[in-house]
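In this text, all values refer to a predicted model and were calculated from it rather than measured experimentally. The figures here come from the full heavy-atom set of this structure, side chains too, leaving out hydrogens, waters and symmetry mates. In what follows, every chain begins at residue 1, and chains take the letters A, B, ... in the order their sequences are listed.
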There are 2 protein chains.
Amino acid sequence: MWISTRAQYGLRALIEIGRQPGQPISLKEVATRQGISLHYLEQIVGGLRRAGFVQSVRGARGGYQLARPAAGINAYEVVTTLEGSIAPVQCVEDDHTCASQNVCGTQELWFRVNAALREVLGGTTLADLIVEAQEQQHARLIQLA
Amino acid sequence: MWISTRAQYGLRALIEIGRQPGQPISLKEVATRQGISLHYLEQIVGGLRRAGFVQSVRGARGGYQLARPAAGINAYEVVTTLEGSIAPVQCVEDDHTCASQNVCGTQELWFRVNAALREVLGGTTLADLIVEAQEQQHARLIQLA
DNA sequence: TCAATCTTGACTTATTTGCTCAGGATAGTC
DNA sequence: GACTATCCTGAGCAAATAAGTCAAGATTGA
């Protein structure tokens, strides 16, 4: 497992926040629904706020809401905001120049891995995830009945 | 960077070992060529031996050689041998059942990421890597000339 | 016999992760 | 204008992991 809980929880929080557009949801609510520690969530969502994904509404009945439409947020930017680079190896990291001058023989492989990752994560928007989450919950309710 | 140096060095060692089929190469040689600590390399290649990728030849003029043809070894098995699972999140790990019963909404995303990874790594054989490594070195020699 | 090489396992050191805790700032509501 | 819900910040900490290092031995060719 190499995606930290930080990024995983951040994505899940965004799904909850994006679910009811217009009205803010408190972190307490998000924490209960997703089973995440409140204090830890505060740290994570703080990062998402500073990066411009969500807005906070302070005071009683406050909470968080999306700062941009869900269809305009993709999983790649969310994950890298919370996690930093997710390149498989250092060679492939944005600003890095290879110490062994490309003679190791594996660099092209890691580039292909990196490209595949960006394609999958960059091609999934928060709007997609919200739909998937709702379908999953629906399917589960039917299963229980 | 989430592929450990262990797996990276292991792949690079296999490229060196697979380069001259038939004759064993010492780890000292591999360590010098690839710029890796000898003792660390011993640990790593030991793992590859136990997993059946390479054979050791003891004594003077000994070393390591491939135990299977290079075209029959793919990067996915090498990496997972040295690294354990490379699933992005625990949900997706082979024997794991999801604690939040699939209501988190992100599981499908991680499955897609995992599938993309397996495809790229599983589709690259050691024989491919050896060719790529030789092309790289050739290109570099021309560049220097 | 000697030296080159493989083999094993314990140990170390630094970093990261995943939290917890304490305390504050801000703003609606009664 | 007190009360309370909420956001916000930074320090601290235990456990795990990574990336080696070190020491000592086994095996075999020359």
Side-chain angles (χ1 to χ4, degrees), chain A residues 1-13 16-17 23-32 34-67 79 82-86 88-90 99, chain B residues 1-13 16-17 23-32 34-67 79 82-90 93 99:
Chain A
M1 161 168 132
W2 50 270
I3 296 281
S4 67
T5 57
R6 207 177 173 78
Q8 292 176 52
Y9 292 172
L11 262 187
R12 285 159 64 180
E16 293 294 339
I17 294 171
Q23 63 175 310
I25 181 174
S26 76
L27 284 192
K28 200 172 166 188
E29 178 81 21
V30 174
T32 324
Q34 292 274 347
I36 301 172
S37 143
L38 175 61
H39 288 293
Y40 193 28
L41 198 58
E42 283 173 345
Q43 280 187 23
I44 295 167
V45 178
L48 293 175
R49 179 180 50 81
R50 282 188 290 276
F53 294 109
V54 295
Q55 287 172 338
S56 67
V57 179
R58 303 184 105 176
R61 301 236 177 145
Y64 282 93
Q65 57 195 15
L66 291 186
V79 170
L82 293 173
E83 188 103 350
S85 163
I86 56 166
V89 300
Q90 248 190 336
Chain B
M1 162 169 133
W2 49 270
I3 296 280
S4 67
T5 57
R6 209 178 171 74
Q8 293 176 50
Y9 292 171
L11 263 186
R12 286 161 61 180
E16 293 294 339
I17 294 170
Q23 63 176 312
I25 181 174
S26 77
L27 285 192
K28 201 171 165 188
E29 177 80 22
V30 173
T32 323
Q34 291 275 346
I36 301 172
S37 143
L38 174 61
H39 289 295
Y40 193 27
L41 198 59
E42 284 172 345
Q43 279 186 24
I44 295 167
V45 178
L48 292 174
R49 181 182 48 83
R50 281 187 293 276
F53 294 109
V54 295
Q55 288 173 337
S56 68
V57 179
R58 303 184 107 178
R61 301 233 176 146
Y64 282 92
Q65 57 195 15
L66 291 186
V79 170
L82 293 172
E83 187 103 349
S85 164
I86 57 166
V89 300
Q90 248 191 335
E93 227 120 276

Rounded distance in Å - [atom1] ([X]) to [atom2] ([N]):
X     : N      : atom1 : atom2 : result
B/H39 : D/dG25 : NE2   : C1'   : 14 Å
A/L38 : C/dG18 : CG    : P     : 18 Å
A/L41 : D/dT9  : CG    : P     : 15 Å
B/I44 : C/dG9  : CD1   : C1'   : 16 Å
B/Y40 : C/dG9  : OH    : P     : 17 Å
B/Y64 : D/dT28 : OH    : P     : 14 Å
A/L27 : C/dT20 : CG    : C1'   : 16 Å
A/E83 : C/dT17 : CD    : P     : 7 Å

*Let me know, please, whether A/G59 or B/G62 comes out on the 5' side of the other along DNA chain C by nearest nucleotide.*
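Residue closer to the 5' terminus by nearest nucleotide: B/G62.
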
_DNA chain C: 5'-proximal contact among A/A60 and B/S56 (nearest heavy atom)_ = B/S56

According to a strict under-4.0 Å criterion, is [X] in side-chain N/O contact with OP1 or OP2 of [N]?
X     : N      : value
A/S37 : C/dT20 : yes
A/Y9  : C/dG18 : no
B/R49 : C/dT5  : no

_Checking contacts here: which listed nucleotide (C/dG18, D/dT9, D/dC7) is nearest the side-chain heavy atoms of A/R50?_
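Nucleotide nearest to A/R50's side chain: D/dT9.
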
_Nearest-nucleotide pick for B/S26, side chain only, options being C/dC6, D/dA5, D/dG29_ = C/dC6

*Relative to the ring of A/W2, is the ring of B/W2 parallel (under 30°), tilted (30 to 60°) or perpendicular (over 60°)?*
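Plane angle under 30°, so parallel.
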
*With the side chain counted from C-beta on, respond yes when B/R49 and B/Y64 share a heavy-atom pair under 4.5 Å apart, and no when they do not.*
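Heavy-atom side-chain distance check passes, below 4.5 Å.
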
_Is there, by distance only and without an angle test, a donor paired with an acceptor across the side chain of B/E42 and the base of C/dC6 below 3.5 Å?_
no

*asked:* Regarding D/dT21, can its base be found pairing with the side chain of B/Q43 as donor and acceptor, where the two atoms are less than 3.5 Å apart?
replied: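 By the distance-only test, yes, there is a pair.
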
*Let me see the working for B/Y40 and B/T5 under side-chain contact (heavy atoms from CB on, under 4.5 Å), right down to the final yes or no.*
CA-CA 10 Å; B/Y40 193 27; B/T5 57; 3.3 Å; yes

_On DNA chain D, does the nearest nucleotide to A/R61 precede the nearest nucleotide to A/R58 from the 5' side, or the other way round? Give the residue._
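The residue closer to the strand's 5' end, by nearest nucleotide, is A/R61.
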
*Say you draw a straight line from CD1 of B/I25 to CD of B/Q65; how long is it, rounded to the nearest 0.5 Å?*
11.5 Å

_Exactly one of A/L41, A/L27, A/V30 should register a side chain to side chain contact (heavy atoms under 4.5 Å, CB included) with A/I36. Which one does?_
A/L41

